[in-house]
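A short write-up of the structure that comes next.
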Amino acid sequence: MPPLTYQRCFNHAAREAVARCPECQQFFCRECITEHDDRVLCAACLKKLARVPLRKRRSFVVTIRIAQCAASILVAWFFFFVIGETLARKPQASHEGTLWRVPWLNQR
Ligand SMILES: [Zn+2]
Ligand SMILES: [Zn+2]
């Protein structure tokens with residue numbers, strides 16, 4: 001059994017290991033190990049880790065977009081609701097014939 005300090009790369013049996021991946025606990029050579037976010041990871045674990053946040057980020061973006069869409073629909077609905085309310089009230093006032101008169105002009 002070889003000593004712990006004399007480890008070989010998990011992918012390359014002929015190469016000496018320089019680092020141990022904290023994710024899969026395997027030893028890797030300089031070529032197989034990569035630095036990511038101040039952590040030394042093997043290529044397989046880096047792929048695994050890189051895939052998850054991307055999916056999370058995408059679903060987060062989708063959630064934000066849905067929220068923005070819903071908010072804009074709500075704002076548009078409120079806008080048209082206010083316009084509709086104003087338009088619904090206006091004809092009643094115009095039937096009386098007072099709305100289109102300019103009071104300060106007619107008073108002379
Ligand atoms: Zn690993
Ligand atoms: Zn290697």
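For residues 62-87, the set of pairs meeting the salt bridge (Lys or Arg N to Asp or Glu O under 4.0 Å) definition, not counting sequence neighbours, comprises Glu85-Arg89.
Shortest non-hydrogen contact noted between Ala14 and Arg8 is O-NH1, 3.1 Å. Across all non-hydrogen atoms, the minimal contact from Asn11 to Cys32 is ND2-SG, 3.4 Å.
Remark: Val62 engages Ile66 in a side chain to side chain contact (heavy atoms under 4.5 Å, CB included) (not counting sequence neighbours). Qualifying salt bridge (Lys or Arg N to Asp or Glu O under 4.0 Å) partners for Glu35, counting only residues two or more places apart in sequence or in other chains: none. Scored by the ring pair (Phe, Tyr, Trp, His ring centres under 6.0 Å) test, Phe79 finds no partners at all (sequence neighbours excluded).
Note: Ile33 CD1 to Phe10 CZ = 12.0 Å, rounded to the nearest 0.5 Å. Between the CG atom in Leu41 and the NZ atom in Lys47 there is a gap of 13.5 Å [rounded to 0.5 Å].
Taken together through direct or relayed side-chain contacts under 4.5 Å among Ile, Leu, Val, Met, Phe, Trp and Tyr, Val75 and Phe81 form parts of separate hydrophobic clusters.
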Please output the side-chain donor-acceptor pairs of residues 22-31 that fall under 3.5 Å, not counting sequence neighbours, one pair per line with the distance.
| residue | atom | partner | partner atom | Å |
| --- | --- | --- | --- | --- |
| Glu23 | OE2 | Arg39 | NH2 | 2.6 |
| Gln25 | NE2 | Pro22 | O | 2.7 |
| Glu31 | OE1 | Arg15 | NH1 | 3.1 |
| Glu31 | OE2 | Arg15 | NH1 | 3.2 |

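Think of Leu74 as one node in a network of Ile, Leu, Val, Met, Phe, Trp and Tyr side chains linked at under 4.5 Å; it has no links at all.
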